[in-house]
Enquirer: 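Okay, handing you the structure first.
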There are 2 protein chains.
Amino acid sequence: MERQPFVSAANVSERLAQPPALAISTVIFALRPSATSGRPTLWLPLVRRIREPFKGLWALPGGPLAQADSLQDAAARNLADTTGLAPSYLEQLYAFGGLHRSPAQRVVSIVYWAMVQPTEADMALESENVKWFRADGLETLAFDHNQIVDYALWRLRNKMAYGSIAYHLLGEKFTLAQVREVYEAVLDRTVDPANFRRQLKQTAHIEATDEYLQGGKHRPPRLYRYTGTTAEDSPVP
Amino acid sequence: MERQPFVSAANVSERLAQPPALAISTVIFALRPSATSGRPTLWLPLVRRIREPFKGLWALPGGPLAQADSLQDAAARNLADTTGLAPSYLEQLYAFGGLHRSPAQRVVSIVYWAMVQPTEADMALESENVKWFRADGLETLAFDHNQIVDYALWRLRNKMAYGSIAYHLLGEKFTLAQVREVYEAVLDRTVDPANFRRQLKQTAHIEATDEYLQGGKHRPPRLYRYTGTTAEDSPVP
DNA sequence: TCAAAAGTGTTTTCTCTACACCCATGT
DNA sequence: ACATGGGTGTAGAGAAAACACTTTTGA
C-alpha cells in the first residue's frame with residue numbers, strides 16, 4: 001500500500017517540489033495445499049486497494065515507514081497489522097525507486113520478503129480485502145507489484161538452491177519428505193529422495209528428534225528439528 | 001555524505017516530526033597496485049566530511065536523491081560528481097535505515113556498489129577531501145560506513161565465487177593471469193593457474209583475441225575480451 | 001642457456017546422480 | 001500378504017584439485 005500524497009492529481013511542479021515518499025512493503029510466502037492436487041504450493045497474501053490509484057486492484061501489504069521503527073521492524077509491524085502474521089523469516093528484498101511507480105507522487109518502496117509457517121498462515125485473517133493467492137499465475141497487481149513478486153520468487157529459488165531457507169516455511173518439527181516437498185514446490189522439479197536426504201544431513205543444520213510422525217498410511221517417518229541460526233549469511237542486516 | 005537537516009542539534013520532538021531523509025551512497029571498488037608488494041589490491045575512494053556530524057572523518061561518497069533520477073541514476077550521478085568516475089558495474093547493495101545512523105535526523109541510505117576499471121580509476125580526481133584507501137584495514141569512518149563497506153566486501157567475495165564479476169575491475173582486454181590476480185586479491189588465497197584457466201574457458205563469457213601482451217619479461221600472454229552481458233543475474237534491477 | 005611465466009596433459013580425488021535394495025507400517 | 005513411502009548402499013559419470021610437463025620469451 002503506497003502512501004498517497006496530499007494532492008489528488010498529478011502535477012509536475014508539485015511533484016518535483018515534494019521529496020520522494022518512503023514506503024515499506026512485504027512479500028509474504030507461505031505453503032498451502034494446492035486446490036487441485038493437494039500438494040503444497042506457494043501462496044502469498046494480498047490486500048485490496050480501497051482508494052486511488054489502482055483502486056480495486058490487489059497489492060502487496062505495506063505502508064509508510066513509522067518513525068520509531070527500523071526498516072526491519074516496520075516491515076514486521078505492518079505485516080502484523082494487515083495480515084496478523086508473525087514471520088519466521090524476514091529479510092530485505094530490494095529498494096524500488098523508479099520515477100513512475102506511482103502516478104501522483106514519487107514513491108520509493110523498500111520491500112521485504114517473509115516466510116511464515118503453515119500454522120501461522122492458517123491463522124491469518126482473511127476478509128473482503130485480504131486474500132491469499134497462488135504465487136504463480138498472479139493476476140495484474142497495483143503499481144509494479146507483479147515485478148516485485150517475480151523478483152522475490154527469483155530470489156527465493158536462488159536461496160533455496162543452496163541454503164537452509166526451506167525450514168522457515170515448515171513448522172518446528174518436520175519430516176525430510178516435507179522438506180523435499182518444499183524444494184519440489186518452489187523449484188518446480190522432482191528431487192531424488194535418497195540423494196536429497198544425504199545432502200541435507202551433510203550441510204544443513206538439522207537434528208533428528210526421537211519422535212516419528214504417526215497417522216500416515218505407511219512407515220512413520222522420523223521428525224527433525226532445525227538448529228541453524230536465522231541469519232546464516234550476511235554480516236550486516 | 002548524509003544529508004543534513006535544517007536543525008543543527010538533535011531534538012526529540014523535531015526528530016519525530018520530520019520524515020526520514022533519503023540518501024544515496026556508493027561503495028566504489030577499483031584495483032590498484034599495493035604500496036608494498038605492487039600486486040593489485042582492492043581500493044575505494046572516500047570523501048572527507050566538511051561539516052558536522054562526523055566533521056573531518058572519511059565517508060562514502062553520496063548525497064540526497066535528486067528528484068529526476070531513478071535510484072540507479074542517482075548513484076551514478078553523485079559518483080560522477082564527487083569522484084569523476086563512470087562505473088563499469090553498478091548494483092544496489094542494501095538499504096540501511098537504522099534509527100540512529102545519523103545523530104540529528106533519521107536518514108535512510110540506499111547504498112549502491114560499483115566497480116571501475118583501472119584506466120578510469122587513475123583518472124579519478126584526488127584532492128584534499130577525496131582520497132583512495134585500501135579496502136582492508138580501513139580506519140574508523142563516519143556514520144555506519146565501516147559496516148557498509150564490510151557488507152559490500154562480503155557481497156563482492158560472494159559474487160566472485162561463481163560469477164563473472166572480476167572483469168568489471170579490468171580493462172577491455174586482459175590476460176587470464178590478470179583475472180586470476182583479481183580473484184586472488186579479492187578472495188585472498190592463491191589459485192592454481194592451470195585449473196583456473198580451464199574453469200574460465202568453460203563457464204565465463206570471454207573470447208580470445210589474436211593479440212598478445214608484449215613488454216613482459218617472459219612469454220607474452222594472449223589477450224582476451226569479455227563478451228558477457230552486464231546483468232547476468234536478476235530479472236528486475 | 002637459463003629463469004620464469006604461458007599454456008597443455010594426466011592422474012587422483014571428490015561429489016553428484018541414478019537406481020537397486022531392505023525396512024516398517026496400514027490396509 | 002502386499003502396496004507404499006521411509007531409509008540405506010553402491011556403482012558409474014563428471015567435475016575439481018594437484019602436479020608434471022612442454023612452450024616461449026627476455027635477459
Side-chain angles (χ1 to χ4, degrees), chain A residues 31 33-34 37-40 157-158 160-164 166-167 170-171 173-185 187-204 206-226, chain B residues 33-34 37-40 157-158 160-164 166-167 170-171 173-185 187-226:
Chain A
L31 232 44
S34 154
S37 75
R39 303 178 68 80
R157 296 201 170 99
N158 238 34
M160 191 77 72
Y162 55 107
S164 21
Y167 305 113
L170 297 169
K173 293 169 186 170
F174 46 81
T175 70
L176 297 188
Q178 285 172 332
V179 183
R180 183 167 49 83
E181 278 183 322
V182 176
Y183 271 75
E184 292 184 336
L187 300 180
D188 197 30
R189 60 183 181 87
T190 62
V191 176
D192 183 293
N195 297 330
F196 185 75
R197 159 185 309 273
R198 267 185 292 261
Q199 278 186 320
L200 283 197
K201 303 195 105 172
Q202 279 176 6
T203 63
I206 54 175
E207 67 180 11
T209 70
D210 50 2
E211 298 172 65
Y212 293 81
L213 179 62
Q214 305 292 345
K217 290 202 180 82
H218 306 292
R219 170 174 173 180
R222 183 185 285 271
L223 287 170
Y224 290 80
R225 185 188 290 108
Y226 180 56
Chain B
S34 155
S37 74
R39 305 180 65 79
R157 297 201 170 100
N158 238 34
M160 193 76 73
Y162 55 106
S164 20
Y167 305 112
L170 297 169
K173 293 168 185 171
F174 46 82
T175 70
L176 297 188
Q178 285 171 333
V179 183
R180 182 168 50 82
E181 277 182 324
V182 176
Y183 271 76
E184 293 183 335
L187 301 179
D188 197 31
R189 61 185 180 85
T190 62
V191 176
D192 184 289
N195 297 329
F196 186 76
R197 160 184 307 272
R198 267 186 290 264
Q199 279 185 321
L200 283 196
K201 303 195 103 172
Q202 279 176 7
T203 64
H205 314 147
I206 54 175
E207 65 180 13
T209 70
D210 49 2
E211 298 173 66
Y212 294 81
L213 179 62
Q214 305 292 345
K217 289 200 180 82
H218 306 292
R219 171 175 173 179
R222 181 186 286 271
L223 288 170
Y224 290 80
R225 184 188 291 110
Y226 180 56

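Proteins get letters first, then strands, A, B, ... in listed order; numbering begins at 1 in each.
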Enquirer: Could you list the residues that satisfy side-chain contact (heavy atoms from CB on, under 4.5 Å) with B:Ser37, not counting sequence neighbours?
Expert: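 Partners of B:Ser37 under the side-chain contact (heavy atoms from CB on, under 4.5 Å) test: B:Ser34, B:Arg39.
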Enquirer: Once you round to the nearest 0.5 Å, how far does CG of A:Leu223 lie from CG of A:Leu176?
Expert: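 These two atoms lie 9.5 Å from each other.
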Enquirer: Is B:Ala177 touching bases, backbone alone, or none of the nucleic acid, heavy atoms closer than 4.0 Å?
Expert: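 If one applies the 4.0 Å heavy-atom cut-off, B:Ala177 turns out to touch the sugar-phosphate alone, with no base involved.
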Enquirer: Looking at the base of D:dG6, is there any donor atom on it, or on the side chain of A:Arg180, that sits under 3.5 Å from an acceptor on the other one?
Expert: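 Answer is no: no donor-acceptor pair is held.
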Enquirer: Between D:dG6, C:dG7, D:dT10, which nucleotide has the shortest distance from any of its atoms to the side chain of B:Arg197?
Expert: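 Nearest to the side-chain atoms of B:Arg197, counting from C-beta on, is C:dG7.
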Enquirer: According to salt bridge (Lys or Arg N to Asp or Glu O under 4.0 Å), who are the partners of A:Glu211, at least two apart in sequence or on a separate chain?
Expert: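 In terms of salt bridge (Lys or Arg N to Asp or Glu O under 4.0 Å), with neighbours along the sequence ignored, A:Glu211 is linked to A:Lys173.
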Enquirer: CG of A:Leu213 versus C1' of C:dA24: gap in Å, rounded?
Expert: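 Going from A:Leu213 (CG) to C:dA24 (C1'), I get 14 Å.
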Enquirer: If a pair satisfies salt bridge (charged side-chain N to carboxylate O under 4.0 Å, His left out) and one of its residues is in residues 212-223 of chain A, list it, with sequence neighbours excluded.
Expert: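 For residues 212-223 of chain A, and leaving out neighbouring residues, there are no salt bridge (charged side-chain N to carboxylate O under 4.0 Å, His left out) pairs at all.
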Enquirer: Can you give me the N/O atom pairs linking the protein to nucleotides 13-15 of chain C at distances under 3.5 Å, or say none if there are none?
Expert:
none

Enquirer: Once you round it to whole Å, what is the distance between P of C:dG9 and NZ of B:Lys201?
Expert: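 That distance rounds to 11 Å.
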Enquirer: Excluding sequence neighbours, so at least two apart, what forms ring pair (Phe, Tyr, Trp, His ring centres under 6.0 Å) with B:Tyr167?
Expert: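 Testing B:Tyr167 for ring pair (Phe, Tyr, Trp, His ring centres under 6.0 Å), a comparison that skips the adjacent residues, returns B:Phe174, B:Tyr226.
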Enquirer: Indicate yes or no for a side-chain donor-acceptor contact from B:Thr175 to the backbone of B:Pro221 under 3.5 Å, with no hydrogens or angles considered.
Expert: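 No, because the side chain of B:Thr175 does not come within donor-acceptor range (under 3.5 Å) of the backbone of B:Pro221.
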Enquirer: What integer distance in Å separates B:Tyr212:OH from D:dT25:P?
Expert: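 So the OH-P distance, B:Tyr212 to D:dT25, works out to 9 Å.
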Enquirer: Distance criterion of 3.5 Å, no angle test: do you see the side chain of A:Arg198 paired donor-to-acceptor with the base of D:dG9?
Expert: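 Donor-acceptor pair under 3.5 Å: yes.
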Enquirer: May I have the list of side-chain donor-acceptor pairs in residues 191-199 of chain A shorter than 3.5 Å, sequence neighbours left out?
Expert:
residue  : atom : partner  : partner atom : Å
A:Asp192 : OD1  : A:Ala194 : N            : 2.8
A:Asp192 : OD1  : A:Asn195 : N            : 3.0
A:Asn195 : OD1  : A:Arg198 : NH2          : 3.0

Enquirer: Round to a whole Å and report the spacing from CG of A:Asp192 to C1' of C:dC21.
Expert: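 It works out to 13 Å between those atoms.
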Enquirer: All N/O contacts under 3.5 Å from nucleotides 13-15 of chain D to the protein, with atom names and distances to one decimal?
Expert:
none

Enquirer: With B:Gln202, which residues qualify under side-chain contact (heavy atoms from CB on, under 4.5 Å), at least two apart?
Expert: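 side-chain contact (heavy atoms from CB on, under 4.5 Å) list for B:Gln202, sorted by chain: empty.
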Enquirer: Suppose we screen for side-chain hydrogen bond (donor to acceptor under 3.5 Å, both in side chains). Which residues come up paired with A:Gln214, at least two apart in sequence or across chains?
Expert: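 So A:Gln214 forms no side-chain hydrogen bond (donor to acceptor under 3.5 Å, both in side chains) with any residue.
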Enquirer: How close or far is atom C1' of C:dT17 from atom CZ of A:Arg189, stated in whole angstroms?
Expert: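 After rounding, the reported distance stands at 12 Å.
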Enquirer: My understanding is that only residues two or more places apart in sequence, or in another chain, count here; which of them pass salt bridge (Lys or Arg N to Asp or Glu O under 4.0 Å) with B:Arg157?
Expert: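 None.
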Enquirer: Pull out every residue in residues 214-222 of chain B that has a heavy atom closer than 4.0 Å to any atom of DNA chain D, ordered by number, or say none.
Expert: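 Listed by number, they are B:Gly216, B:Lys217, B:His218, B:Arg219, B:Pro220.
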Enquirer: Search all heavy atoms of A:Ala166 against all heavy atoms of A:Val182 and return the closest pair with its distance.
Expert: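 Smallest heavy-atom distance, with atoms named: CB-CG1, 3.8 Å.
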Enquirer: Can you check the A:Asn195 CG to C:dA20 P distance for me, whole Å?
Expert: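 It is 13 Å, rounded to the nearest whole Å.
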Enquirer: To the nearest Å, give me how far apart CG (B:Leu200) and C1' (C:dA6) are.
Expert: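 Rounding to the nearest Å, CG of B:Leu200 and C1' of C:dA6 are 14 Å apart.
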